[in-house]
Student: 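After the structure tokens below, expect a handful of questions from me.
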Amino acid sequence: MRRVSAICGAVAVVLATPCFAGLYTDDLSRCIVGATTAEDRTNLMKWIFVAMAQHPSVASFSAVKPADVEAVNETVGKLFMHLLTESCAQKARDAIRIEGPGAIQASFQVLGQVAAAGLFSDPSVAKTISGLERYLDKAKLEELSKPEPATPAK
């Protein structure tokens, strides 16, 4: 039961912190990414968005309903189970046995990064993000890369 709790905890913080990735974790990560479809990645993007939309600082920007939360949790929960117990079962066993339950977190973090890359590469999202440039002072940013003036020797 403790191992299941550790795995669930690892999945819950899939995007939270960087993890150590050993050889078995790398193998599991490649398997998980390779075993997902475009639809799976879209579902993962939805799950990430819905989870982030629950933060009190941004919740007012979203119309996510409790039923939406339940639906994406169910869909992604099934995806995680399919990947861990069917598509990549042996690699998951090896990674957990040799490198610990953190291997699950690290592997799904990689999958989350792949899904997020898909989210941010969408032209509509990229256009919105590029709107930030209008509010940046390019001259001040260029100053950051200039060498500091030499200080006179005493």
Student: Do Trp47 and Thr75 have side-chain heavy atoms sitting under 4.5 Å apart?
Tutor: no
Student: What pair of heavy atoms forms the shortest contact from Ala53 to Val58, and how long is it?
Tutor: CA-CG2, 4.1 Å
Student: Checking Thr36 side chain against Val33 main chain: does a donor-acceptor pair fall under 3.5 Å?
Tutor: yes
Student: Mind checking what makes salt bridge (Lys or Arg N to Asp or Glu O under 4.0 Å) contact with Arg93, not counting sequence neighbours?
Tutor: none
Student: Shortest non-hydrogen contact from Glu133 to Lys138?
Tutor: O-NZ, 3.7 Å
Student: Is it true that a side-chain atom of Thr128 and a backbone atom of Ser124 form a donor plus acceptor pair closer than 3.5 Å?
Tutor: yes
Student: Determine whether Leu44 and Phe80 make a side-chain contact, defined as any pair of heavy atoms from C-beta on separated by less than 4.5 Å.
Tutor: yes
Student: How long is the span from the OG atom in Ser87 to the CD1 atom in Ile32, to the nearest 0.5 Å?
Tutor: 9.0 Å
Student: Shared ILVMFWY cluster between Phe108 and Leu119, side chains joined below 4.5 angstrom?
Tutor: no
Student: Is a donor on one side and an acceptor on the other found under 3.5 Å between the side chain of Asp40 and the backbone of Thr37?
Tutor: yes
Student: Under 4.5 Å between any side-chain heavy atoms of His82 and Lys78, yes or no?
Tutor: no
Student: When clusters are formed by joining ILVMFWY residues with side-chain heavy atoms under 4.5 Å apart, either directly or through shared neighbours, do Leu141 and Tyr135 land in the same one?
Tutor: no
Student: Indicate yes or no for a side-chain donor-acceptor contact from Glu99 to the backbone of Tyr24 under 3.5 Å, with no hydrogens or angles considered.
Tutor: yes
Student: Can you tell me how far the CG atom of Leu84 sits from the SG atom of Cys88, to the nearest 0.5 Å?
Tutor: 7.5 Å
Student: Tell me whether Val76 shares a hydrophobic cluster with Leu111, the cluster being built from Ile, Leu, Val, Met, Phe, Trp, Tyr side chains joined at under 4.5 Å.
Tutor: yes
Student: Hey, does Ile104 have a side-chain heavy atom less than 4.5 Å from the side chain of Ile96?
Tutor: yes
Student: Distance check, rounded to the nearest 0.5 Å: Ser29 atom OG versus Lys91 atom NZ?
Tutor: 11.0 Å
Student: Once rounded to the nearest 0.5 Å, what's the spacing between atom CD1 of Ile98 and atom CG of Leu23?
Tutor: 9.5 Å
Student: Rounded to the nearest 0.5 Å, how far does OG1 of Thr25 lie from CD of Gln105?
Tutor: 10.5 Å
Student: Do Val114 and Val125 sit in one hydrophobic cluster, given that two such residues count as connected whenever their side-chain heavy atoms are within less than 4.5 Å of each other, even indirectly?
Tutor: no
Student: How about Glu86: does its CD atom have over 12 heavy atoms from other parts shown lying under 6.0 Å from it?
Tutor: yes
Student: Identify, with sequence neighbours excluded, every residue that meets side chain to side chain contact (heavy atoms under 4.5 Å, CB included) alongside Val50.
Tutor: Gln54, Val64, Val69, Val72
Student: When rounded to the nearest 0.5 angstrom, what is the spacing between NZ in Lys46 and CG in Asn43?
Tutor: 5.5 Å
Student: Got a sec, which residues hit salt bridge (Lys or Arg N to Asp or Glu O under 4.0 Å) with Glu143, two or more places apart in sequence or on another chain?
Tutor: Lys146
